Undergrad: 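My structure is below; once you've seen it, I'll send some questions.
FYI, side chains are in, hydrogens and waters are out, and symmetry mates aren't considered; it's all heavy atoms of this structure. Reminder, nothing fancy here: chain letters follow the sequence lines and each chain counts from 1. Since this is a predicted model, take the numbers as computed values, not measurements.
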Amino acid sequence: MDCNEHEDRSSRESIRPRRLLSPDLYRLPALQAAPLLLGQHLVRRTEDGEIRCRIVETESYGGIEDKGSHAFGGRRTARTEVMFSSGGTIYIYLIYGMYHCLNVVTAGEGDPHAVLIRAVEPLTPGDAAQMSAYRGIAYRNPSGLSGGPGKLCRALRIDKSLNGRRLDVPGSPLWLEQGDPVESLDIVQAPRINIPYAEEYTQLPWRFYLRNNPYVSVKDKLEQPFNLR
DNA sequence: CTAATGATGCACT
DNA sequence: GTGCATCATTAGC
């Protein structure tokens, strides 16, 4: 791998050489990618500047056999089409008529996998301030700001205009950078939220979040530690 | 604290 | 027409 970080003194604003997320992660099945996305940095660029936050809660929606997935059975429609593109693509859909949900497409082209980003944590007070402004609320508590897929999209001003774009392009509207490593013991594994229609897939522990992180949307009753296989 | 409810628009049978 | 991978608000402990 060519991992040279050239200190390119660009005349534009200085982009500190941060490492992009390893492209290997995008090629994994969603179930493997979901826990690995915890702790990674999500960067949103708008006309107002950049917002940086850390992913603290994810859910796996992987493969055509997952009854909880929009692409169950290989359903290929206008909405699900981007799920079939290669890993690293952004999948965004509108839910309940008023909220957007952000997903990271993973695995290979033609194999529909996605990881729902359910909660993020602003990296700095400045990031939190901009997110509060986009939410149109005064900051009260962490999970109230960006704990939940709809809330985080509002807080980062994410909508369907980003659908189909890539996450591996720094300086684009939205991209991912490598965060600090996360200890496996700090990861909780729990059933996914609000998919009663998924039958035998409803209770599978395909949600992952950082233990004791206040930005997480819903704490599970039994906080089972994440088990590596 | 928990539970119920309405908002709201679009994808899809 | 039906049903959402949600959230804020309200009502009831």
Side-chain angles (χ1 to χ4, degrees), chain A residues 29-35 37-38 42 53 55-85 87 89-107 111-121 131-164 167 174 188-209 214-222:
Chain A
L31 191 52
Q32 289 176 50
L37 280 167
L38 295 175
L42 183 67
C53 51
I55 297 171
V56 300
E57 181 181 350
T58 61
E59 275 179 7
S60 165
Y61 289 87
I64 62 174
E65 67 282 349
D66 180 1
K67 290 182 180 173
S69 171
H70 293 157
F72 168 64
R75 287 175 56 240
R76 200 160 180 159
T77 66
R79 182 175 64 156
T80 65
E81 187 59 30
V82 292
M83 289 186 74
F84 289 82
S85 45
T89 302
I90 298 170
Y91 171 42
I92 294 169
Y93 61 89
L94 181 69
I95 189 69
Y96 298 107
M98 59 189 89
Y99 297 102
H100 294 277
C101 289
L102 168 67
N103 293 255
V104 176
V105 173
T106 72
D111 189 10
H113 287 239
V115 176
L116 173 68
I117 308 301
R118 285 196 52 91
V120 298
E121 168 184 16
M131 290 164 68
S132 296
Y134 282 163
R135 285 292 313 282
I137 58 167
Y139 184 98
R140 284 182 200 156
N141 63 88
S143 86
L145 176 65
S146 51
K151 283 186 263 190
L152 80 86
C153 282
R154 285 261 174 95
L156 297 175
R157 191 163 276 183
I158 287 170
D159 61 25
K160 283 204 75 176
S161 67
L162 298 184
N163 192 42
L167 281 161
L174 192 66
V188 171
Q189 183 168 198
R192 294 178 290 184
I193 300 289
N194 205 18
I195 47 164
Y197 50 85
E199 301 175 22
E200 73 269 28
Y201 286 79
T202 298
Q203 295 301 326
L204 294 179
W206 287 355
R207 183 166 72 106
F208 304 89
Y209 63 87
Y215 287 86
V216 167
S217 65
V218 183
K219 306 254 187 211
D220 195 53
K221 288 189 168 70
L222 323 157

Undergrad: Closest approach to the side chain of A:R135, judged atom by atom: which nucleotide of C:dA5, B:dA11, C:dA8 is it?
TA: C:dA8
Undergrad: OP1, OP2 of C:dC7 versus side-chain N and O of A:R154: anything below 4.0 Å?
TA: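 Indeed not, no polar side-chain atom of A:R154 lies that close.
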Undergrad: Please work out if A:A198 contacts a base, only the sugar-phosphate, or nothing of the nucleic acid, heavy-atom cut-off 4.0 Å.
TA: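 The answer is nothing, as A:A198 stays clear of every strand by at least 4.0 Å.
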Undergrad: Using the rule for Phe, Tyr, His and the six-membered ring of Trp, do A:Y96 and B:dA7 stack at under 5.5 Å and under 30°?
TA: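 One would not call A:Y96 stacked on the B:dA7 base.
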Undergrad: May I ask you to verify if any side-chain N or O of A:R75 is less than 4.0 angstrom from the OP1 or OP2 atom of B:dT13?
TA: yes
Undergrad: Can you measure A:Y91 atom OH to C:dA5 atom C1' for me and round it to whole angstrom units?
TA: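 Spelled out: OH on A:Y91 to C1' on C:dA5 is 9 Å.
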Undergrad: Scan A:G150 against the nucleic acid and name what it touches under 4.0 Å (heavy atoms): base, sugar-phosphate only, or nothing.
TA: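 Sugar-phosphate, backbone atoms only, no base.
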Undergrad: Within less than 4.0 Å of OP1 or OP2 of C:dA5, is there a side-chain N or O belonging to A:R118?
TA: no
Undergrad: Expressed as a whole number of angstroms, how long is the span from A:I137:CD1 to C:dC7:P?
TA: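 That distance rounds to 12 Å.
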Undergrad: So what's B:dT2 paired with, Watson-Crick or G-U wobble, going by both distances under 3.5 Å?
TA: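 The base-pairing partner of B:dT2, which may sit in any strand shown, is C:dA11.
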Undergrad: For A:H113 and A:Y61, I'd like to know if the aromatic rings sit close, meaning centre-to-centre distance below 6.0 Å.
TA: no
Undergrad: In terms of side-chain geometry, is the basic nitrogen of A:R192 or A:E59 positioned less than 4.0 Å from the acidic oxygen of its partner?
TA: no
Undergrad: Centre of A:F84's six-membered ring, under 6.0 Å away, within 45 degrees of the axis: is that where NZ or CZ of A:R76 sits?
TA: yes
Undergrad: From NE2 of A:H100 over to P of B:dG9, roughly how many Å is that when rounded to an integer?
TA: 11 Å
Undergrad: Taking only side-chain N and O atoms of A:N194, does any of them lie within less than 4.0 angstrom of OP1 or OP2 on C:dT6?
TA: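 Checking C:dT6 against A:N194, a side-chain N or O does come within under 4.0 Å of OP1 or OP2.
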Undergrad: How long is the line joining CD1 of A:I95 and P of C:dC7, in whole Å?
TA: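 In whole Å, C:dC7 P lies 10 Å from A:I95 CD1.
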Undergrad: Take the protein atom OH of A:Y99 and the nucleotide atom P of B:dA7, then report the distance between them rounded to whole Å.
TA: 13 Å
Undergrad: Take A:S217 and A:R118 through the test side-chain hydrogen bond (donor to acceptor under 3.5 Å, both in side chains) and record every step on the way to the result.
TA: CA-CA 7 Å; A:S217 65; A:R118 285 196 52 91; 3.1 Å; yes
Undergrad: B:dT8 pairs with which nucleotide, Watson-Crick or G-U wobble, both distances below 3.5 Å?
TA: none
Undergrad: Between C:dA5, B:dC12, B:dC10, which nucleotide has the shortest distance from any of its atoms to the side chain of A:M83?
TA: C:dA5
Undergrad: In whole Å, I'd like the distance from the NZ atom of A:K221 to the P atom of B:dT2.
TA: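 Those two atoms, NZ and P, are 8 Å apart.
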Undergrad: Counting only side-chain N and O atoms of A:H70, is one of them less than 4.0 Å from OP1 or OP2 of C:dA5?
TA: yes
Undergrad: Hey, what do you get for CG (A:L145) to CZ (A:R154), rounding to the nearest 0.5 Å?
TA: 13.0 Å
Undergrad: Quick check on C:dG3: is either OP1 or OP2 less than 4.0 Å from any side-chain nitrogen or oxygen of A:R79?
TA: no
Undergrad: Any idea which of B:dA11, C:dA8, C:dT6 is nearest the A:T77 side chain?
TA: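 The nucleotide sitting nearest to the side chain is B:dA11.
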Undergrad: Just so I know, are the side chains of A:L152 and A:L102 near enough to count as touching, which here means a heavy-atom distance under 4.5 Å?
TA: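 Yes, close enough: below the 4.5 Å cut-off.
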Undergrad: Give the rounded distance in Å between these two atoms: CD of A:E81 and P of B:dC12.
TA: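 For the pair A:E81 CD and B:dC12 P, the rounded distance is 11 Å.
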Undergrad: From NE2 of A:H113 over to C1' of C:dA5, roughly how many Å is that when rounded to an integer?
TA: 17 Å
Undergrad: Any base atoms under 4.0 Å from A:G68, or only sugar-phosphate, or nothing? Heavy atoms, all strands.
TA: base
Undergrad: Remember a base hit wins even if backbone is also touched, and classify A:L116 as base, sugar-phosphate or nothing at under 4.0 Å, heavy atoms.
TA: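 Base contact - A:L116 has a heavy atom under 4.0 Å of at least one base atom.
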Undergrad: Nearest of B:dA11, B:dA7, C:dA5 to any side-chain atom of A:Y197?
TA: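 Of the options given, the side chain of A:Y197 lies nearest C:dA5.
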Undergrad: For A:L102 and for A:G144, find the nucleotide of DNA chain C with the closest heavy atom, then tell me which residue's nucleotide is more 5'.
TA: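 That would be A:L102.
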